[in-house]
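Contents: one structure, followed by commentary.
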2 protein chains.
Amino acid sequence: MSEPLYRFVFNKIVSRIADGTHPPGSMLPSEIDIGHELKVSQGTARKALIELERKGIIERRQGRGTFVTLRTPESSLFHFFRMRDADGNQVVPDLHSETIVRRKSRAEESRALYGDPEEVYQISRIRNFEGKALSHETIIVSAKLFPGLQERSPLPNSLYVLFQHSYSCIIISARERLKASILGEELAAAMKSDPATPIIEAFRESLDLLDRVVELRTSLMITENVFYSITLE
Amino acid sequence: MSEPLYRFVFNKIVSRIADGTHPPGSMLPSEIDIGHELKVSQGTARKALIELERKGIIERRQGRGTFVTLRTPESSLFHFFRMRDADGNQVVPDLHSETIVRRKSRAEESRALYGDPEEVYQISRIRNFEGKALSHETIIVSAKLFPGLQERSPLPNSLYVLFQHSYSCIIISARERLKASILGEELAAAMKSDPATPIIEAFRESLDLLDRVVELRTSLMITENVFYSITLE
DNA sequence: GAGTGGTCTAGACCACTTT
DNA sequence: AAGTGGTCTAGACCACTCC
């Protein structure tokens, strides 16, 4: 038995979500129906569904059914925007400015992104919190995977919701590397802050449900009143 | 059914690990034996064990058995020390200096720590990496929970291994809050670095297997050659 | 009441490790 | 060969949601 049956079921459902058969927010067939259709027992279908839920791809509700995860601005912010105030409350930033350009990809961008894109969209935006500049983000995505992105400006606050709704691209996880730095002259002007302000620089690779890197993101965060909060397990 | 049976089994095993019945590294009874002893089916015992494994409390190996997680310096570093080099390789620091003092706890320390300790040990240490200062850590633990800690100086590089071996305290998770700062005059001297060096300040609360906060830790990290690396899911 | 996921059982067989 | 965890099945009943 090279591949467990429940793995087969898992992969089958993932590919159906990826190809649009089960769009985000839609209800999946019941455990019994999945079992019948794929010729496995209910328990095996169930095991696959539990794994899918652990990965954040679906949500299961007793009495209601199983649904493909629908990224809302709230859930997106909660999972992928780690800034919290001193009491641990979620920080909800607002968009201050934004620019989008289409350009040739750099070699390292093309290497990192899925599909070796020759062209990318580069989004730069500044986010505020309580009237003060909070972060500057530079986001790189494949122009091939997100056609027409430039025409959608201004983009919604929550990019991952847009990715899901308009491009059927569901972000499941992200690898992030942090280092400390200072703001610097150039950004200080745009963010109306002291150039000597300490910042956290975060380099992110965002993965979709097929574990493909679909976004590169550099976030420069001013942590004067907020914390980057995380749980290690 | 207020509490599922597998939850009861889960809690039973956790308390037995906590009270020393099953010390770290020891083998648990087989699924069948646990089922017999607690009057549940093998499947229910199994479900409890799977949950325990997900929490990192035990490890299961096909053909060998189930073992209480043994924190080694490697596993401890891997889980709780997030520094990686540019290629993603684990950074292994070495201990440069260390001081331990016993003192009265501050109000906020006593509030945060399990057991409302009146006295605490404060450990300060500097860690190096490749000959250069990497981090300065200030660690606060209850003097009641870790008696005689002061006499154990110099402490091993991996504190959580000591906690487990000598105090039967198994660290399972940690909440961490990060912010950017700069090194400052005082520490710069001790760490032989530029006072203007940007650093990441990390405030950690470490939880044992009963979800009690048993350690407070402030880490000041120089991220010139390394990254704080994390995966968001 | 019908349909969903959640829990629990009993039993079979497979894959792996150790003796 | 014996013992362990891993997979899979079939069926029962419970708890919750919605009509």
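Proteins get letters first, then strands, A, B, ... in listed order; numbering begins at 1 in each. This is a predicted model, so every value here is computed, not measured. The basis for the numbers below is simple: all heavy atoms, side chains too, and nothing from hydrogens, waters or symmetry mates.
Nearest to the side-chain atoms of A:Glu31 among the listed nucleotides C:dG6, D:dG5, D:dA10 stands C:dG6. Distances from the side chain of A:Met27 to the nucleotides D:dA10, C:dC8, C:dT4 place C:dT4 closest. The nucleotide whose nearest atom lies closest to any side-chain atom of B:Leu5 is, among C:dT4, C:dT9, D:dT4, C:dT9. The B:Ser30 side chain lies nearest to D:dG5 when the options are D:dG5, D:dA10, C:dT9. Residue A:Arg64 places its side chain closer to D:dC18 than to any other of D:dT7, D:dA10, D:dC18. The A:Pro4 side chain lies nearest to D:dC8 when the options are C:dT7, D:dC8, C:dT9.
Following rounding to the nearest Å, A:Arg7 (CZ) and C:dA15 (C1') show an atom-to-atom distance of 18 Å. Atom C1' of nucleotide C:dT7 and atom CD of B:Glu51 are separated by 13 Å, given to the nearest angstrom. Spacing between atom CD1 of B:Ile34 and atom P of D:dG3 amounts to 17 Å, rounded to whole angstrom units. Rounded to whole angstrom, the span from the CD1 atom of B:Ile32 across to the C1' atom of D:dT4 amounts to 9 Å. The distance from atom CG of B:Leu52 to atom P of D:dG5 is 13 Å, rounded to the nearest whole Å. Between A:Glu53 atom CD and C:dG5 atom C1' the separation is 10 Å, expressed in whole Å. Residue B:Leu28 contributes atom CG, which lies 9 Å from atom P of D:dG5 at whole-angstrom precision. For the pair B:Gln42 CD and D:dG3 P, the computed distance is 15 Å after rounding to whole Å.
At the phosphate of C:dG5, OP1 or OP2 sits under 4.0 Å from a side-chain N or O atom of A:Thr66. At D:dT9, one or more side-chain N or O atoms of A:Thr44 fall inside 4.0 Å of OP1 or OP2 (strictly under the cut-off). Residue B:Lys47 has no polar side-chain atom (N or O) positioned under 4.0 Å from OP1 or OP2 of C:dC8. The side chain of B:Arg60 places an N or O atom within less than 4.0 Å of a non-bridging phosphate oxygen (OP1 or OP2) of D:dG6. Side-chain nitrogen and oxygen atoms of B:Tyr6 include none within less than 4.0 Å of the OP1 or OP2 phosphate oxygen of C:dC8.
At a threshold of 4.0 angstrom between heavy atoms, the contacts of A:Arg46 include nucleobase atoms, whether or not backbone atoms are also involved.
Nearest heavy-atom pair, B:Thr69 versus B:Gln164, reported as atom, atom and distance to 0.1 Å: O-OE1, 3.5 Å. A:Gly115 approaches A:Lys144 most closely through the heavy-atom pair O-NZ, 3.2 Å.
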For this session: Step by step, work out the salt bridge (charged side-chain N to carboxylate O under 4.0 Å, His left out) result for A:Arg60 and A:Glu31.
Result: CA-CA 11 Å; A:Arg60 336 180 61 224; A:Glu31 297 173 349; 2.4 Å; yes

For this session: Verify ring-ring contact (aromatic ring centres under 6.0 Å, His included) between A:Phe146 and A:Tyr121, making sure each step is shown before the conclusion.
Result: CA-CA 8 Å; A:Phe146 297 92; A:Tyr121 287 112; 8.4 Å; no

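Of the two residues near DNA chain D, A:Gln62 and A:Lys39, the one whose nearest nucleotide lies more 5' is A:Lys39.
Note that B:Arg84 lies in the cation-pi zone of B:Phe78, set by a 6.0 Å cut-off to the ring centre and a 45° limit from the axis.
Taking the six-membered ring for Trp and thresholds of 30 and 60 degrees, A:Tyr167 and A:Phe163 have ring planes more than 60 degrees apart, a perpendicular arrangement.
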